Amino acid sequence: MLTTLKTAYTDTRASDLAWALGREPLPALAVLDLQHHDIQVQLRLLGASHQVILEEERGTCSETVACMPGSSTPLPLGVAKRLGDWEYEFAAHVETLSRGSFAGRAQELLALVAEHPYGLAGTFPGSPHAFTALLAQCQRDQVRWRTWHAYPQEGRLVATRTRVGVRAAVAAV
């Protein structure tokens, strides 16, 4: 699903992004609700980037990657944590592209996500290449998602990759 977000472009540099686990749902400009077996997945586009919330009987997992005033946790390159019965893995990568390469990559990613049933993308007013996009994949006892945060004025594309799965010992019980 592709939408135009009705807000000002608030996080204007890739270095403004921060990462957090466990935050309450923040006001969203667009939401895509997905169901995978007994896991509810909510992809959320914020005015300041994204939030993904997983809910199921074992608990809730909330990931936020956004410009969060007062946050003390910058965007890490990688994280691996246990969250109750779940294993959480996160990785981020920042790409710097030329103006022409950036425009082509932006169009490619927006087309990929817009056509995918588990995809949500939002463009910001003022630039067709300023966007946030999320793409989820659900398999057995795990959910994966990728995100892209575009900063055309810098020529930077921030890509993240997350996996949340039930720990092997718990899944075998």
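Since the model is a prediction, treat every value here as computed from it, not as a measurement. Residue indices begin at 1 and follow the sequence shown. Keep in mind that the numbers below use all heavy atoms, side chains included, and drop hydrogens, waters and symmetry copies.
Between Y118 and V143, the closest side-chain pair of non-hydrogen atoms is not below 4.5 Å. P27 has its side chain out of reach of L46: every pair of non-hydrogen atoms, C-beta onward, lies at least 4.5 Å apart. Between Q40 and L34 there is no side-chain heavy-atom pair separated by less than 4.5 Å. Using a 4.5 Å cut-off on side-chain heavy atoms (C-beta onward), R161 and W145 make no contact. For the pair R13/E154, a side-chain contact is recorded, criterion being any heavy-atom separation below 4.5 Å from C-beta on. Using a 4.5 Å heavy-atom threshold, the side chains of D33 and V41 count as separate. Two residues are said to be in side-chain contact when any heavy atoms from C-beta on lie closer than 4.5 Å; L157 and Y151 fail this criterion. Residues L21 and L83 have side chains in contact (heavy-atom distance under 4.5 Å, counting atoms from C-beta outward).
With no hydrogens or angles considered, no side-chain donor-acceptor pair links T162 and E89 at under 3.5 Å.
Atom CD of Q139 has more than 12 neighbouring heavy atoms from other residues, nucleotides or ligands inside a 6.0 Å radius. The number of heavy atoms from other shown groups lying within 6.0 Å of CD (Q35) is above 12.
Atom OG1 of T64 sits about 11.5 Å away from atom CG of L17, to the nearest 0.5 Å. Rounding to the nearest 0.5 angstrom, the gap separating the CG atom in L54 from the SG atom in C61 is 5.0 Å.
Taking hydrophobic clusters as Ile, Leu, Val, Met, Phe, Trp and Tyr residues chained together by side-chain heavy-atom distances below 4.5 Å, F90 shares a cluster with L134. No continuous path of hydrophobic side-chain contacts links I53 to L135 [ILVMFWY only; heavy atoms under 4.5 Å]. Follow the hydrophobic side-chain contacts under 4.5 Å out from L5 and you reach L120 in the same cluster. If you chain together hydrophobic residues whose side chains sit under 4.5 Å apart, L29 and M1 fall into the same group. Following chains of ILVMFWY side-chain contacts shorter than 4.5 Å, one can reach V79 starting from V164, so the two form part of one hydrophobic cluster.
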Notebook entry, point to check: Is there a side-chain contact (heavy atoms from CB on, under 4.5 Å) between W86 and K81 once you walk through the steps?
Noted result: CA-CA 8 Å; W86 293 346; K81 287 184 156 246; over 6 Å; no

Note to self: Go through it in stages, so that I can follow the logic: the residues are H50 and T132, the test is side chain to side chain donor-acceptor pair (under 3.5 Å), and I'd like the CA-CA distance, side-chain angles, deciding distance and then a yes or no.
What the structure shows: CA-CA 7 Å; H50 90 261; T132 299; over 6 Å; no

Checklist line | Residues V65, T147; criterion side-chain contact (heavy atoms from CB on, under 4.5 Å); working and verdict | finding: CA-CA 9 Å; V65 172; T147 72; 5.7 Å; no

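Closest heavy-atom contact between L32 and P117: CD2-O, 3.9 Å. Of all the heavy atoms in A114 and L2, the pair that sits closest is CB-CB, 3.7 Å. Taking all atoms of both residues into account, the shortest heavy-atom contact from E95 to H93 is CG-NE2, 3.7 Å. The heavy-atom pair separating P152 from S127 by the smallest distance is CG-OG, 3.6 Å. Residues A133 and A121 approach most closely at CB-CB, 3.8 Å, considering heavy atoms. Between Q51 and S62, the shortest heavy-atom contact is NE2-OG, 3.6 Å.
For R44 (side chain) and A30 (main-chain N/O), no donor-acceptor pair under 3.5 Å exists by modelled atom type.
In this structure, F102 and H129 have perpendicular ring planes: the angle between them is above 60°, well past the 30° mark.
Exactly one of V158, V113, T160 qualifies for a side chain to side chain contact (heavy atoms under 4.5 Å, CB included) with W148. That residue is V113.
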